[in-house]
Amino acid sequence: MELEDQVALVTAGTAGIGAEVARLLVREGAQVIISGRNAERGAKVVADIGGGSGQVRFIAADLGDLDSVRNLADQAGEVDILVNNAAGFPTGLTVDQDVASFQTMFDTNVRATYFLTGLLAPAMLAKGRGSIVNVTTMGASMGVAGASGFSATKAALASFTRSCAAEFSPQGVRVNSVAPGPTHPDGVLGEWGERGEDLGKNLVLGRTERAAEIAEAILFLASPRASYVTGSTLAVDGATAI
Ligand SMILES: NC(=O)c1ccc[n+]([C@@H]2O[C@H](COP(=O)([O-])OP(=O)(O)OC[C@H]3O[C@@H](n4cnc5c(N)ncnc54)[C@H](OP(=O)(O)O)[C@@H]3O)[C@@H](O)[C@H]2O)c1
């Protein structure tokens, strides 16, 4: 077990990719905090992957709300690993996008990641070690019709990743991103249905991916095995080609 002395916070650990990341971090011996809005789902994941060991705990937080972000940081305390995974995904063509859901999406995906990182990084910097992994999307670096707002939030996080690496990594805190493709059966595919499956068929690997496949990449970046990796975005997306 490579993370026995580490504390990890995984936002949106109550479902999908976040729950799989939490499972792997527990397997590697970390103390894991998962956050989400839904306490029932949180309790289920804690029971499922923690098995009563006390190794996993849930903190309720709506990351669309800045006070909730601050409260999450307070309750989490010092962490060694931060996985910024929470995101909202209202789909829609640019010409149809309403302002309220655009704002909520930027608040949840960008503002929360920015300030949660700002609140938790100082303790990592003081210790001279830590790893932050931001979850973006393949859409951050390619055009996906109907996902312009979502992709823009994730492109902002790719930039934020590089800036944080420049600020934090000289003091031992690595910052990276993982960019998933269409992942079955969670999130985007839940919203997009058949269109998500079709996206998967057109990838080089010819299928959608499993949450566990992305979680393995996040675990790698969080772990000391990635000790010389910072400021990077790892595409875990089945690859596009023409
Ligand atoms: N699935 C895909 O195809 C795909 C593709 C590219 C990128 N991604 C990215 O991967 C990450 C995880 O996606 P997923 O598909 O695993 O998610 P998912 O299965 O749809 O689950 C969504 C998660 O986000 C949490 N969440 C949503 N809004 C929140 C808010 N305002 N505050 C706090 N938590 C919130 C939910 O928790 P509660 O309901 O408990 O609040 C839940 O844990 C996201 O950053 C997503 O953008 C996913």
Side-chain angles (χ1 to χ4, degrees), residues 9-23 33-46 48-49 58-73 76 82-91 100-101 103-113 115-116 133-142 144 146-147 149-158 160-161 177-193 195-200 203 207-215 217-218 233-238 240:
L9 169 59
V10 182
T11 67
T14 54
I17 294 165
E20 288 301 323
V21 172
R23 185 189 306 282
I33 303 159
I34 58 168
S35 74
R37 293 162 303 179
N38 187 320
E40 205 175 310
R41 280 209 286 192
K44 190 170 176 307
V45 173
V46 168
D48 182 26
I49 67 178
F58 168 75
I59 299 174
D62 178 351
L63 297 193
D65 176 65
L66 202 47
D67 287 337
S68 195
V69 171
R70 293 191 184 105
N71 184 52
L72 173 60
L82 170 62
V83 181
N84 285 310
N85 172 64
F89 182 67
T91 52
S101 53
Q103 188 64 55
T104 301
M105 191 164 50
F106 269 81
D107 289 351
T108 307
N109 301 8
V110 181
R111 187 179 68 178
T113 300
F115 287 103
L116 187 63
V133 183
N134 298 319
V135 181
T136 64
T137 176
M138 70 190 298
S141 55
M142 63 182 281
V144 181
F150 174 73
S151 297
T153 67
K154 298 297 194 169
L157 294 188
F160 184 54
T161 297
S177 297
V178 165
T183 306
H184 189 77
D186 306 299
V188 174
L189 291 192
E191 289 255 353
W192 278 18
R195 177 155 182 227
E197 293 297 345
D198 289 344
L199 276 177
L203 298 173
R207 64 171 175 84
T208 55
E209 64 187 309
R210 296 185 299 278
E213 292 175 303
I214 302 162
I218 293 171
T233 294
L234 177 55
V236 187
D237 62 5
T240 50

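Just follow the structure's listing: the first ligand is 1, and inside any ligand the first atom is 1. Predicted model, so just to flag it, every value in this text is computed and none were measured.
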For ligand 1, is any non-hydrogen atom under 4.0 Å from [X]'s backbone (N, CA, C, O), its side chain (CB onward), both, or neither?
| X | answer |
| --- | --- |
| R41 | side chain |
| A19 | neither |
| F150 | side chain |

Would you please determine whether [X] falls within less than 4.0 Å of ligand 1 on a heavy-atom basis?
| X | result |
| --- | --- |
| G181 | yes |
| G64 | yes |
| N109 | no |
| K154 | yes |

- Query: Hey, are T153 and N109 close enough side-chain-wise for a donor-acceptor pair under 3.5 Å?
  - Reply: yes
- Item | Any side-chain donor near an acceptor of the partner, T11 and N85, under 3.5 Å | no
Can you sort out which atoms of ligand 1 are near [X], meaning under 4.0 Å from one of its heavy atoms?
| X | result |
| --- | --- |
| A61 | 32 (N), 33 (C) |
| A15 | 21 (O), 42 (C), 43 (O) |
| T108 | 30 (C), 31 (N) |
| G36 | 40 (O), 41 (O) |
| N38 | 38 (P), 40 (O), 41 (O) |
| G16 | 16 (O), 19 (O) |
| N85 | 10 (O), 11 (C), 12 (C), 44 (C), 45 (O) |

Heavy-atom donor-acceptor pair, [X] side chain to [Y] backbone, under 3.5 Å:
| X | Y | answer |
| --- | --- | --- |
| R210 | T183 | no |
| K154 | V135 | yes |
| E197 | T208 | no |
| S151 | G139 | yes |

What is the distance from atom [atom1] of [X] to atom [atom2] of [Y], rounded to the nearest 0.5 Å?
| X | Y | atom1 | atom2 | answer |
| --- | --- | --- | --- | --- |
| T240 | M142 | OG1 | CE | 5.0 Å |
| T136 | L157 | OG1 | CG | 7.0 Å |
| I59 | I33 | CD1 | CD1 | 5.0 Å |

Please determine if [X] has a nitrogen or oxygen closer than 3.5 Å to a nitrogen or oxygen of ligand 1.
| X | answer |
| --- | --- |
| P182 | no |
| I17 | yes |
| T137 | no |

- Message: Counting only heavy atoms, tell me which of V236, V135, T136, T183 gets closest to atom 7 (C) of ligand 1.
- Response: T136
- Nearest non-hydrogen atom to atom 35 (C) of ligand 1 belongs to which of R37, E20, M138, E40? R37
- If you take all heavy atoms of T113 and F160, which pair is closest and at what distance? O-CE2, 3.9 Å
- Query: Out of L234, I17, V236, N134, which residue meets the side chain to side chain contact (heavy atoms under 4.5 Å, CB included) rule with I218?
  - Reply: I17
- Query: Under a 4.5 Å cut-off applied to non-hydrogen side-chain atoms, are M105 and F150 in contact?
  - Reply: yes
